[in-house]
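Ligands are counted one by one from 1 in listed order, and the atoms in each one are counted from 1 as well. Side-chain atoms are counted along with the backbone in the values below, which use heavy atoms only and exclude waters and symmetry mates.
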Amino acid sequence: MDKIVVINFGSQYNELIVRRIRSLKVFALLLNPSQLDLKDKEIKGIILSGGPFSVNEKNALMINEEIFNLNVPILSICYGMQLINKMLGGQVETSLNKEFGKTEIKIIEDSPLSKDLPFTFNVWMSHNDVVTRIADNFNILAISNTNKIAMIKHLEKDIYGVQFHPEVDNTEYGLQILDNFIEICQIKREYDMPNFIKTKIKEIKDIVQDKKVICALSGGVDSSVVALLLDRAIPNQFIGVFINHGFLRKDEEIEVSNLYKNILKTPITIINAEDEFLNALKGVIDPEEKRKIIGKTFISEFQKVSEKYLVDFLAQGTLYTDIIESGYNSAKTIKSHHNVGGLPKDLNFTLIEPLKTLFKDEVRLLGKELGLPETIYNRQPFPGPGLAIRIIGEINKNDLLALKEAHQILDEEIKKDNLQFSIWQYFIVLTPIRTVGVMGDSRTYGKVAIIRAVTSKDGMTADYFKFPYATLERISLRLVNEVKGITRVVYDITSKPPSTIEWE
Ligand code: XMP
């Protein structure tokens, strides 16, 4: 697919550039400088991103200077603009009076990049260094109100630079500037979900040919979308496997099997492995150990099924954020996430990851386009290990049943007040702490249940949801009255950070 590539020099807005370009119906990808393939004929435009460094530092990130001879339009932003100036003979220096935040700029020479822009407007600047002399064969197109170079263009080639950030909301006409760049690239605007489906189906058919593909399904949006794509592309060669680990919400395993019956032409294989998982977790208290055991048991169950079929490919719902994060992050492990799709790469299959260029919201759109019910494509996140990480400490069957009931009550009461769309994720945590209660005239001695409900955009940070007291009261009353073993209910009012969303 024709695309614009965004070269990553480390700016915190890089993903945003990709999203903005995609919102204008052009496919865009984020690449490290070394990943740029100069022979890739599908690249119709290159954006050099901003970054936190100085081009004058000894180990400054560079780009192959051959890009200037490619005849592909280039838009360089902030660090990107300083870099091309330096590479092409200009001068970049650290400025004493810096530009941060809202800054007015004035267009002093028209160009295709400033089409439909007013003469003056506000942009968002964030830089320490400035271009103090532009490279030979470049023209200044705009200056800021403190007389700094804000926009430049090569005299003959479609090489542009902007000192500000067109990708952020605070830059007026920022989207127009990116739109103008797309026009300069003369790239077709054909990136939408129907076209994505067509391209992916063809790609899957070409790769798989007459071989077989296996895919682990969870009922979640990512694996369901992968299954729908495979089902459309290669219906008779696709083996969908749903391993029920027993830690799903009440009746969820029935809903999941019905879902796949309704949306797929190919029947799926269902493995009920509740006992295997419960046995493997006997006596285990440590959350990390729990996750690892669940992951291992999952793989061994999956391996047992896959050995029955002669399968060459394994399909997974890896998302673009997983790829970006694993490529650019060296953050510490807070929790080792287990994802149903995330099987280890040494399973002796070739991987097919049809969603690996998509953001989560795009996967939801894709699911909608493929006919997935709204309850699935807009489903709130549910962790791979399921309720197992919501029972603190050792898991037993009774607690699991109690937690399923408790979650059901929470869900019903939240929906009664129509709050489900205002909360990003909600659930009950069952603790091993026992406290004294009184019911009727008798003493009780049961467990503490915790209500957790958070608002969030992406799960990376979260705040606790401000429930109406009346809703909390109803939930508490029902939990204590209807769920055997719960004598006390508390509400978790910590945000993330410092806490995490799940308790384990
Ligand atoms: P935490 O607890 O780390 O959770 O703040 C952030 C988001 O990730 C979900 N989560 C998981 N998802 N496998 C998953 O697929 C896991 O092991 C896992 N652990 C946490 C959590 O529900 C929240 O949405």
Ligand 1-proximal atoms of Pro381, by part, heavy-atom distance under 4.0 Å: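 Answer for Pro381: side chain.
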
Is Trp503 touching ligand 1 with its side chain, its backbone, both, or neither, if touching means heavy atoms under 4.0 Å apart?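 Answer for Trp503: neither.
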
Any side-chain heavy atom of [X] sitting closer than 4.5 Å to one from [Y]?
X      : Y      : result
Phe27  : Ile21  : no
Glu413 : Arg478 : yes
Val241 : Ile239 : yes

Aromatic centroids of Tyr260 and Phe242 separated by under 6.0 Å: no

Aromatic ring proximity, centroids under 6.0 angstrom, Phe349 and Phe313: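 Ring centroids of Phe313 and Phe349 are no less than 6.0 Å from each other.
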
Quick one: does [X] get an N or O within less than 3.5 Å of an N or O on ligand 1?
X      : answer
Gly384 : yes
Gly459 : no
Arg390 : no

Report the member of Arg452, Lys496, Glu502 with the shortest heavy-atom distance to atom 6 (C) of ligand 1.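 It is Lys496 whose heavy atom sits nearest to atom 6 (C) of ligand 1.
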
Over 60° means perpendicular and under 30° means parallel, so classify the ring planes of Tyr79 and Phe9, tilted if in between. tilted

Arg452 to Tyr426 six-membered ring, cation-pi geometry met (6.0 Å, 45°): no

Which ligand 1 atoms are under 4.0 Å away from a heavy-atom of [X]?
X      : answer
Arg291 : 16 (C), 17 (O), 18 (C), 19 (N)
Thr500 : 1 (P), 2 (O), 5 (O)
Pro385 : 13 (N), 16 (C), 17 (O)

